[in-house]
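Everything below concerns the one structure shown next.
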Protein chains: 2
Amino acid sequence: MARRKRESAGGKPTIFDVAQRAGVSIKTVSRVVNHEDNVRENTRERVLAAIADLDYQPNAAARGLSSKRSYVIGLIYENADEFSYMKHVLDGALAACEAQGYTLLLRPLTLPNDELLAQIRTFAVQARVDGVVLPAPIGDIDGVVDLLKELDVPFATVTPRTPKPEGINVFCDDAQASQDLASYLIEQGHNRIGFILGHPDHRATEQRYKGYRQALKAHGIGYDAALVRKGLFTFESGQQAAAKLLSLDTPPTAIMASNDDMAAGVSFHAHERGLDVPGDLSVVGFDDTPVASHMWPPLTTARQPISSMVEAAVNGLVRQLRGEEANLSEAPFHCEVVIRRSTGATP
Amino acid sequence: MARRKRESAGGKPTIFDVAQRAGVSIKTVSRVVNHEDNVRENTRERVLAAIADLDYQPNAAARGLSSKRSYVIGLIYENADEFSYMKHVLDGALAACEAQGYTLLLRPLTLPNDELLAQIRTFAVQARVDGVVLPAPIGDIDGVVDLLKELDVPFATVTPRTPKPEGINVFCDDAQASQDLASYLIEQGHNRIGFILGHPDHRATEQRYKGYRQALKAHGIGYDAALVRKGLFTFESGQQAAAKLLSLDTPPTAIMASNDDMAAGVSFHAHERGLDVPGDLSVVGFDDTPVASHMWPPLTTARQPISSMVEAAVNGLVRQLRGEEANLSEAPFHCEVVIRRSTGATP
DNA sequence: TTGTAGGCGTTATCAT
DNA sequence: ATGATAACGCCTACAA
């Protein structure tokens with residue numbers, strides 16, 4: 001006995017209802033819904049009309065069960081207190097997923113974390129994601145990319161390019177922006193510029209440092225290792241580094257921090273010390289997080305197009321999942337320098 | 001001809017594999033997996049052992065297709081620039097969903113928004129979510145709750161309790177915390193305390209204002225309408241309100257803002273004006289966002305247990321979906337007051 | 001270009 | 001307490 005074709009039973013319309021209404025088979029409806037070829041334009045329109053009439057929505061569960069794909073993309077991220085970077089990541093990922101018909105599944109992780117790889121393995125396997133996006137610093141961590149390759153889970157990283165890029169990678173010109181910021185300070189007359197490195201596990205840390213060195217070199221300023229301090233991208237590490245730098249016999253007249261949080265720490269420490277910013281000390285950050293524009297004085301910094309980068313990553317991933325060319329531009333995304341009062345601008 | 005039982009074919013183990021291994025029928029496995037009754041303890045253990053051996057994970061798509069439930073909970077939120085509140089919401093929602101075996105689906109919305117109800121309707125229907133969580137201010141908006149009731153989509157709100165509570169509602173003692181903050185200022189010797197209201201569409205706005213009024217009353221300080229200004233929870237609105245308040249003939253010696261962003265705006269404006277905080281002006285915020293501890297001087301504020309509240313909301317929702325009693329405590333969650341330097345503390 | 005048959009892995013129904 | 005079997009709605013073959 002033939003399968004019942006689910007006469008309009010009051011529930012949500014199914015592919016059978018659409019097929020019946022359009023006078024075609026369910027396969028044809030399926031073709032239209034999935035943008036497959038081999039459907040006459042005329043037929044396609046009839047089907048689309050039926051879909052619109054019935055307000056038909058494909059059932060994701062049925063589709064997933066049959067196709068063995070989940071239409072879910074996983075987003076693995078570091079769940080740090082400072083979340084403004086992740087907010088932009090989320091915005092970009094959600095926008096791209098929505099546009100592509102995918103669902104985003106979040107997987108926050110705490111760093112540092114000895115069980116990181118095990119957790120990622122569990123997530124990638126149990127959640128049955130079709131692919132995974134790895135924003136910095138997750139994609140920077142040793143073994144993560146290798147693990148996903150081993151598990152055969154497609155992935156896209158958003159982080160400065162590695163020497164031997166694997167899979168889909170989206171990145172921006174951190175180093176250039178950093179060089180621009182340093183050059184700006186030099187042009188303001190500074191020649192003793194402190195630099196606070198970021199967390200060593202973030203690849204951006206090297207890039208931003210590189211830009212600083214390049215600016216010094218381009219302007220013929222000698223490098224002084226005493227002016228470079230380690231940091232961890234946290235407010236507190238910025239405070240501590242500033243304390244060291246400002247205690248030097250010849251303290252710097254400007255400090256570049258590798259991100260805004262540390263720059264806020266620098267500014268905070270300068271205030272505690274009774275110094276005026278920018279009168280006694282210019283301060284520069286990186287990322288243009290909300291604190292940069294809300295602190296006093298507001299912070300000169302650089303803005304990455306994070307949302308766009310993540311969107312590009314998701315789009316590339318989805319194209320790959322569809323068997324198309326990932327087709328990513330090889331050029332880095334561009335960072336924008338934002339000049340504010342912490343370096344003397346008086347808007 | 002009987003359906004093939006999917007001999008271990010190399011793919012992921014299915015319920016048939018587990019049944020075979022445990023020597024029971026698939027229905028029994030299903031019972032164990034879903035914590036149903038009518039399974040002998042002995043049998044249950046055999047099944048659990050088989051599940052562990054095979055590392056079996058139920059297929060969500062198949063389960064969803066069959067049960068007509070999606071095991072997805074939607075989170076509808078305002079996608080504002082200031083995201084620290086939402087970060088805690090996310091943390092709580094993800095934790096609860098993970099614990100309950102649900103998936104979280106995000107739906108950011110932009111406010112204000114004329115198409116809000118239409119967007120929510122589309123989301124609730126198309127996404128086939130089993131239930132929806134509405135953190136403030138979404139649950140505060142007229143018609144949202146009514147719409148979900150009309151659509152018959154279970155929901156939980158996280159926002160100050162309404163006079164006639166509907167569905168699941170989780171809230172905290174904003175008003176009490178606000179009163180505590182104001183009392184603290186009064187005890188510090190302030191008797192002209194400016195107050196900046198929050199966005200009128202947030203129910204918390206009333207609560208925080210109420211606490212301010214109560215503190216004045218409790219200390220026998222007369223109410224002066226000139227000391228109360230409207231705000232929108234934004235940094236800029238805080239700046240503007242501060243400008244008005246500090247231009248009064250007899251300006252306040254302390255300003256309470258209904259959130260940290262506005263308080264940051266107040267502090268910022270005070271600096272622009274050459275005033276010392278807290279020397280010339282004490283400043284108080286609400287929410288204990290990251291900026292509160294990173295700005296100079298750090299901000300006295302109050303901290304809501306947002307993650308816990310959202311966790312409770314999701315847990316209540318899931319219990320309702322399971323047909324159990326929502327079983328929510330009727331007591332509000334407690335806010336903690338955090339004293340910092342912006343009101344004269346010198347830690 | 002279009003259609004038919006057969007599963008995908010689970011839950012639900014109704015026996016036993 | 002346990003099991004056989006029919007949906008669930010769609011996609012992937014393979015036909016026509």
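Proteins get letters first, then strands, A, B, ... in listed order; numbering begins at 1 in each.
- Residue Asn38(A) is classed as a base contact, given a heavy-atom separation below 4.0 Å to a base.
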Please enumerate all protein N or O atoms sitting under 3.5 Å from an N or O of nucleotides 12-16 of chain C, with distances to 0.1 Å.
residue : atom : partner  : partner atom : Å
dA12(C) : N7   : Lys27(B) : NZ           : 3.3

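- Note: CG (Asn59(A)) to C1' (dG9(C)) measures 14 Å, nearest angstrom.
- Counting heavy atoms from C-beta outward, Tyr102(B) and Leu317(B) have side chains that stay 4.5 Å or more apart.
- In Glu98(B), the CD atom is not crowded: 12 or fewer heavy atoms of neighbouring residues, nucleotides or ligands sit closer than 6.0 Å.
- Phosphate proximity of dT11(C) to Tyr71(B): absent, as no side-chain N or O sits under 4.0 Å from OP1 or OP2.
- Separating the CZ atom of Arg128(A) from the C1' atom of dC8(C) is a distance of 11 Å, rounded to the nearest angstrom.
- With rounding to the nearest 0.5 Å, the separation of CG in Asn59(A) from OG1 in Thr14(A) is 9.5 Å.
- For the atom pair CG (Leu75(B)) and CG (Leu90(B)), the distance works out to 6.5 Å, reported to the nearest 0.5 Å.
- Taking 4.5 Å as the limit, some side-chain heavy atom of Ile76(A) sits within range of a side-chain heavy atom of Phe123(A).
- Taking the ring centre of Tyr77(A) as origin, the terminal cationic atom of Arg107(A) falls outside the region bounded by 6.0 Å and 45° from the ring axis.
- Counted by atom type alone, Ser307(B) and Asp91(B) present zero donor-acceptor pairs between their side chains at under 3.5 Å.
- When the P atom of dT1(C) is taken as reference, atom CZ of Arg44(A) falls 10 Å away, rounded to whole Å.
- Between the CZ atom of Arg44(A) and the OG1 atom of Thr28(A) there is a distance of 10.5 Å, given to the nearest 0.5 Å.
- At the heavy-atom level, Asn34(B) lies under 4.0 Å from the strands shown only through sugar-phosphate atoms.
- Phosphate proximity of dT2(D) to Thr43(B): present, with a side-chain N or O under 4.0 Å from OP1 or OP2.
- Atom P of nucleotide dG9(C) and atom CD of Gln20(B) are separated by 14 Å, given to the nearest angstrom.
- Residue Ile15(B) contributes atom CD1, which lies 16 Å from atom P of dT5(D) at whole-angstrom precision.
- Annotation: of the two residues near DNA chain D, Leu65(B) and Val39(B), the 5′-most nearest-nucleotide partner is Val39(B).
- At the phosphate of dG9(C), OP1 or OP2 sits under 4.0 Å from a side-chain N or O atom of Lys68(A).
- Taking atom CZ on Arg63(B) and atom C1' on dC10(D), their separation rounds to 20 Å, with Å as the unit.
- Val24(A) comes within 4.0 angstrom of sugar-phosphate atoms only, judged by non-hydrogen atoms across all strands, and of no base.
- When the nucleotides dT2(C), dT2(D), dG9(C) are ranked by their closest atom to the side chain of Ala62(B), dG9(C) comes out on top.
- Using a 4.0 Å cut-off between a side-chain N of Lys or Arg and a carboxylate O of Asp or Glu, Asp130(A) and Arg69(A) do not qualify as a salt bridge.
- Contact record, Pro154(A) with Leu321(A): CG-CD2, 3.7 Å, taken as the closest heavy-atom pair.
- Contact annotation: Ser25(B) side-chain N/O to dG3(D) OP1/OP2 distance is under 4.0 Å.
- Taking atom OH of residue Tyr56(B) and atom C1' of nucleotide dG9(C), one finds them 7 Å apart after rounding to whole Å.
- The nucleotide whose nearest atom lies closest to any side-chain atom of Thr28(A) is, among dT2(C), dT10(C), dT2(D), dT2(C).
- Rounded to 10 degrees, the angle between the two end axes of the helix from dT1(C)-dA16(D) to dT16(C)-dA1(D) is 30°, with five pairs used at each end.
- In this structure, the nucleotide among dG9(C), dC10(D), dT2(C) sitting nearest to the side chain of Arg40(A) is dT2(C).
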